[in-house]
Amino acid sequence: MNHWLMKSEPEVFGVDDLAKSPRRTTHWNGVRNYQARNFMRSDMRVGDLAFFYHSNCDEPGIVGVMKVVKTGYPDHTAFDRNDDGFDPDSDLEQPRWYMVDVQLQRKLAQPITLVKLREHANRALKGLALLQRGNRLSVTPVSAAHWDFILELA
DNA sequence: GCCAACGTTGGC
DNA sequence: GCCAACGTTGGC
């Protein structure tokens with residue numbers, strides 16, 4: 001089983017939105033970066049676990065744990081002219097963008113803030129993609145060791 | 001294939 | 001709102 005970290009801006013779609021979704025499940029649409037897409041399209045498996053990370057907000061950090069419940073399939077919002085993620089170059093026959101379905105397993109009682117994670121950047125969390133200099137990928141892998149360590153911070 | 005211009009991300 | 005980092009675009 002693989003582990004992941006997936007970013008979302010809480011003002012757009014936060015952990016509370018997921019908690020309120022039917023079956024606490026949503027399709028993770030809107031990823032428009034090839035590397036992040038590749039992770040979703042090719043590497044995510046049903047049963048994989050992912051941290052829900054709030055980005056671009058007052059207190060960036062991990063706020064929940066999700067489970068992948070459906071593997072990669074075409075992101076239909078890329079074909080929606082009225083969607084922010086509309087991509088006129090995406091081809092119905094050969095979709096460019098993919099998404100997965102994720103289900104909220106639990107919302108953390110306390111967020112694990114980016115500040116907190118950074119405290120371990122040079123030791124236990126050395127190499128965590130989220131903490132790499134300049135990293136902007138919205139979907140990144142998390143090693144099993146990092147995953148376990150972060151959960152203990154919760 | 002190079003690379004300047006441009007747009008986006010996301011922490012601060 | 002600022003701006004560093006990075007990805008993409010497109011002219012050459």
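What you see is a predicted model, and the numbers here were worked out from it, not measured in a lab. All values below were derived from every heavy atom in this structure, side-chain atoms included, with hydrogens, water molecules and symmetry-related copies excluded. Numbered from 1 within each chain, the chains take letters A, B, ... in sequence-line order.
Rounded to an integer number of Å, the gap from OH of Tyr34(A) to C1' of dT8(B) is 15 Å. Protein atom CG of Asn135(A) is 10 Å distant from nucleotide atom P of dG11(B), rounded to whole Å. Protein atom CG of Leu131(A) is 13 Å distant from nucleotide atom C1' of dG11(B), rounded to whole Å. Separating the CH2 atom of Trp97(A) from the C1' atom of dG7(C) is a distance of 10 Å, rounded to the nearest angstrom. We find that CG of Leu5(A) is positioned 14 Å from C1' of dG10(B), with the value rounded to whole Å. The interatomic distance linking Asp87(A) (CG) with dT9(C) (C1') rounds to 13 Å, in whole Å. Between the CD atom of Glu9(A) and the P atom of dT9(B) there is a distance of 7 Å, rounded to whole Å. Rounding to whole angstrom units, CZ of residue Arg96(A) and C1' of dT8(C) are separated by 10 Å.
If you check the side chains of Arg37(A) and Ser138(A), you find no donor sitting under 3.5 Å from an acceptor. For the residue pair Asn38(A) and Tyr98(A), no side-chain donor N or O sits within less than 3.5 Å of a side-chain acceptor on the partner.
Using a 4.0 Å cut-off, no side-chain N or O of Lys7(A) falls inside it from OP1 or OP2 of dT9(B). Applying the 4.0 Å criterion to OP1 and OP2 of dT9(B), one finds that Tyr53(A) has every side-chain N and O outside that range.
Position along DNA chain C of the nearest nucleotide to Asn33(A) versus Asn56(A) favours Asn56(A) as the more 5'-ward residue.
The base of dT8(B) sits with one of its N or O atoms less than 3.5 Å from a complementary donor or acceptor on the side chain of Arg136(A).
Checked against a 6.0 Å centroid threshold, the rings of Trp97(A) and Phe79(A) do not count as neighbours.
Between dG10(B), dT8(C), dG11(B), one nucleotide has an atom nearer to the side chain of Leu114(A) than all others, and that is dG11(B).
Here the options are Asp43(A), Leu49(A), Thr140(A), Val142(A), the test is side chain to side chain contact (heavy atoms under 4.5 Å, CB included), and the partner is Trp4(A); only Asp43(A) passes.
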